[in-house]
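The structure under discussion appears below in the form of structure tokens.
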4 protein chains.
Amino acid sequence: MSNLNRIFLMGNLTRDPELRYTPSNVGVATFGLAVNSNVGKDADGNRKTEVLFVDIIAFGKQAETIAQYCKKGTPLFVEGRLRLRTWEDKDGNKRSKHEVVLNAFQFIGGANNNIKDDIKLPEDDEDVPF
Amino acid sequence: MSNLNRIFLMGNLTRDPELRYTPSNVGVATFGLAVNSNVGKDADGNRKTEVLFVDIIAFGKQAETIAQYCKKGTPLFVEGRLRLRTWEDKDGNKRSKHEVVLNAFQFIGGANNNIKDDIKLPEDDEDVPF
Amino acid sequence: MSNLNRIFLMGNLTRDPELRYTPSNVGVATFGLAVNSNVGKDADGNRKTEVLFVDIIAFGKQAETIAQYCKKGTPLFVEGRLRLRTWEDKDGNKRSKHEVVLNAFQFIGGANNNIKDDIKLPEDDEDVPF
Amino acid sequence: MSNLNRIFLMGNLTRDPELRYTPSNVGVATFGLAVNSNVGKDADGNRKTEVLFVDIIAFGKQAETIAQYCKKGTPLFVEGRLRLRTWEDKDGNKRSKHEVVLNAFQFIGGANNNIKDDIKLPEDDEDVPF
DNA sequence: TTTT
DNA sequence: TTTT
């Protein structure tokens, strides 16, 4: 049975990607992503903000491309699936951690962003619709 | 700055939803979801399978509807955003946990939809958020 | 340059799927999907409703599975990309039409899943594409 | 009955946005979006490419922000729902057209894209996974 | 051309 | 009608 599991994130790397290789020589890159959300207002009408931190794991050529071009701070669009990784720590305790297995990505931002000249991008103040 | 954070899951409840209310009387439902994925084959050509377990949190009328109609095993489609909740445990250690804040949902399910007995599904009256 | 193009639809088949084969014997199924949305209320407070009709095109094993199990009315979850198909009509006029190229699907449906009679749903053996 | 209808697009404006206002003074912006996809290879091993052209319609403050900051060529991320608009043309013929009703958007690209210095972004040669 |  |  295969159910649906799809996640879309746009954020910034929280650290430089680490690239390793499996014994069969497949690249594996891991990095953190920070995703900011506007999340309504509090009782006093002040904008509330929320930051999601997640680890991303990429494989193969995608891992290598990301390791080559991204660093701490790079804005990135990531599509993937959410995974729960489980293991035992040194004391024999069960641990688990959610992470995103990357499926596709896009560099966002580029030399020429093609915004109309002489205007600054607005503060992004759209609330997340949920 | 508001970035993109969207997740789509189709799976089954791992336990009955718990419904609570905030001091201002907003319903809050929490439940677990199990999402199965087929994830290629192993070296011997055997299908590999992966199960994601995540906690889902729903608010307001959606919380109440889910608590009313769903139970352990109910298949459900969930859309939301991934959130990292952080707190301190009793020993003063920082803990954190990923969970999904529900935005929209759909009852699904084939022959056996596993909805609580003897109740009819509601008119679907959630507005599209846009 | 490859940009993002992803669409998620849940609706009902508007007609039985048609299955054809390419010269190289790849299955191609086409069918219509109707997707209903609640879309706010009108001035008088009456719920407004909107129906999207789109054509879906599926290839390969997925085309065959859909043709085998679905018929007019079957509820279906579809993921894919939006495509603009262009051609010339008999008068030499340029015509074009948006349709969805299927990437993944799930059988859904509540009490009545509207699957063709007397057939069991297949083991779901589509691999997650990542 | 409200089904799922969600579309995610990343592309470039094909023309400057047009901004109009409803009688009740709600902004309405329309613009075209071009979305490129890599779509496998042809028989000779040459990369195949596909361009989607769609019209996008935005309302309210979002309409105004887009009209203010975007122009032909601007890269944009768009989330919304697919809609089939139907009307009668001057000859009394039924016409219809798919378009995307915008729900959320992001400017992609910015003054500082934070890519490692002195390297050019790669040719994007990842195939779309479907 | 249209589904529940 | 089309963008990079």
Side-chain angles (χ1 to χ4, degrees), chain A residues 106-115, chain B residues 106-109 113 120-125, chain C residues 1-5 9-18 30-38 49-56 70-78 84 86 93-99 107-115, chain D residues 1-5 9-18 30-38 49-56 70-78 84 86 93-99 107-109 113 120-125:
Chain A
Q106 297 284 339
F107 297 112
I108 54 188
N112 170 20
N113 64 8
N114 234 323
I115 294 288
Chain B
Q106 298 283 340
F107 297 112
I108 52 175
N113 63 9
K120 260 192 25 231
L121 279 175
E123 290 301 301
D124 183 336
D125 61 358
Chain C
M1 222 291 212
S2 177
N3 289 332
L4 178 78
N5 179 346
L9 300 172
M10 230 157 110
N12 300 78
L13 298 225
T14 57
R15 56 182 195 272
D16 293 350
E18 282 174 63
T30 50
F31 57 96
L33 199 73
V35 181
N36 304 284
S37 296
N38 292 327
T49 245
E50 185 181 291
V51 191
L52 162 69
F53 296 103
V54 233
D55 281 346
I56 314 285
C70 299
K71 60 176 185 183
K72 188 176 179 173
T74 304
L76 202 68
F77 171 88
V78 162
L84 183 63
T86 54
N93 297 118
K94 285 198 169 160
R95 305 286 319 271
S96 68
K97 184 173 163 312
H98 285 105
E99 60 193 15
F107 298 112
I108 51 176
N112 172 20
N113 62 9
N114 235 321
I115 293 288
Chain D
M1 221 292 211
S2 177
N3 289 333
L4 178 78
N5 181 347
L9 299 172
M10 229 157 112
N12 301 78
L13 298 225
T14 58
R15 57 182 197 271
D16 292 352
E18 282 175 65
T30 49
F31 57 95
L33 199 72
V35 180
N36 303 285
S37 296
N38 292 326
T49 245
E50 186 182 289
V51 191
L52 163 69
F53 296 103
V54 231
D55 280 346
I56 315 285
C70 299
K71 60 177 185 183
K72 188 175 180 175
T74 303
L76 203 67
F77 172 88
V78 163
L84 183 63
T86 53
N93 297 119
K94 286 198 169 159
R95 306 287 316 273
S96 69
K97 185 172 160 314
H98 286 103
E99 59 193 14
F107 297 113
I108 54 185
N113 63 9
K120 262 192 20 229
L121 281 175
E123 291 301 301
D124 183 336
D125 60 359

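The basis for the numbers below is simple: all heavy atoms, side chains too, and nothing from hydrogens, waters or symmetry mates. Protein chains get the first letters and strands the later ones, always in sequence-line order, with residue 1 at the start of each. Computed from a prediction, not measured in an experiment: that's the story for all the values here.
- If you take CD1 of Ile108(D) and C1' of dT4(F), they are 11 Å apart, rounded to a whole angstrom.
- Separating the CG atom in Leu9(C) from the CZ atom in Phe77(C) is a distance of 8.0 Å, to the nearest 0.5 Å.
- Rounding to the nearest 0.5 Å gives a distance of 7.5 Å between CD1 of Ile108(C) and CG of Asn12(C).
- Between the side-chain ring of Phe53(D) and the base of dT2(F), a stacking contact exists by the 5.5 Å and 30° definition.
- Nucleic acid contact for Asp55(D): base, since at least one base atom lies under 4.0 Å from a heavy atom of the residue.
- Side-chain to base pairing of Asn3(D) with dT4(E): no donor and acceptor N or O lie closer than 3.5 Å to each other.
- Listed candidates were dT3(E), dT4(F), dT2(F). Nearest to the side chain of Thr14(D) is dT2(F).
- Under a 3.5 Å cut-off, the side chain of Asp16(C) and the backbone N or O of Lys71(C) do not form any donor-acceptor pair.
- Distance from the side chain of Arg15(C) is smallest to dT1(E) among dT3(F), dT1(E), dT3(E).
- Considering CZ of Arg15(D) and OG1 of Thr30(D), their distance stands at 6.0 Å, rounded to 0.5 Å.
- Across dT4(F), dT1(F), dT3(E), the shortest atom-to-atom separation from the side chain of Lys94(C) is found for dT1(F).
- The interatomic distance linking Glu99(C) (CD) with dT1(E) (P) rounds to 18 Å, in whole Å.
- Looking at heavy-atom distances under 4.0 Å, Val35(C) makes no contact with the nucleic acid at all.
- At whole-Å resolution of the value, CD in Glu50(C) and P in dT4(E) are 19 Å apart.
- Among dT3(E), dT1(E), dT2(F), the nucleotide with an atom closest to any side-chain atom of Val51(C) is dT3(E).
- If you measure from atom CG of Leu4(C) to atom P of dT4(F), you get 19 Å, rounded to the nearest angstrom.
- Qualifying salt bridge (charged side-chain N to carboxylate O under 4.0 Å, His left out) partners for Glu99(C), counting only residues two or more places apart in sequence or in other chains: Arg83(C), Arg85(C), Lys97(C).
- As rounded to whole Å, 12 Å separates atom C1' of dT1(F) from atom CD of Glu18(D).
- A straight line from CG of Asn5(D) to C1' of dT4(E) spans 16 Å, rounded to a whole angstrom.
- Look at CG on Asp16(C): it is 12 Å from C1' on dT3(E), rounded to the nearest Å.
- The separation between Phe107(D) atom CZ and dT3(F) atom P is 20 Å, rounded to whole Å.
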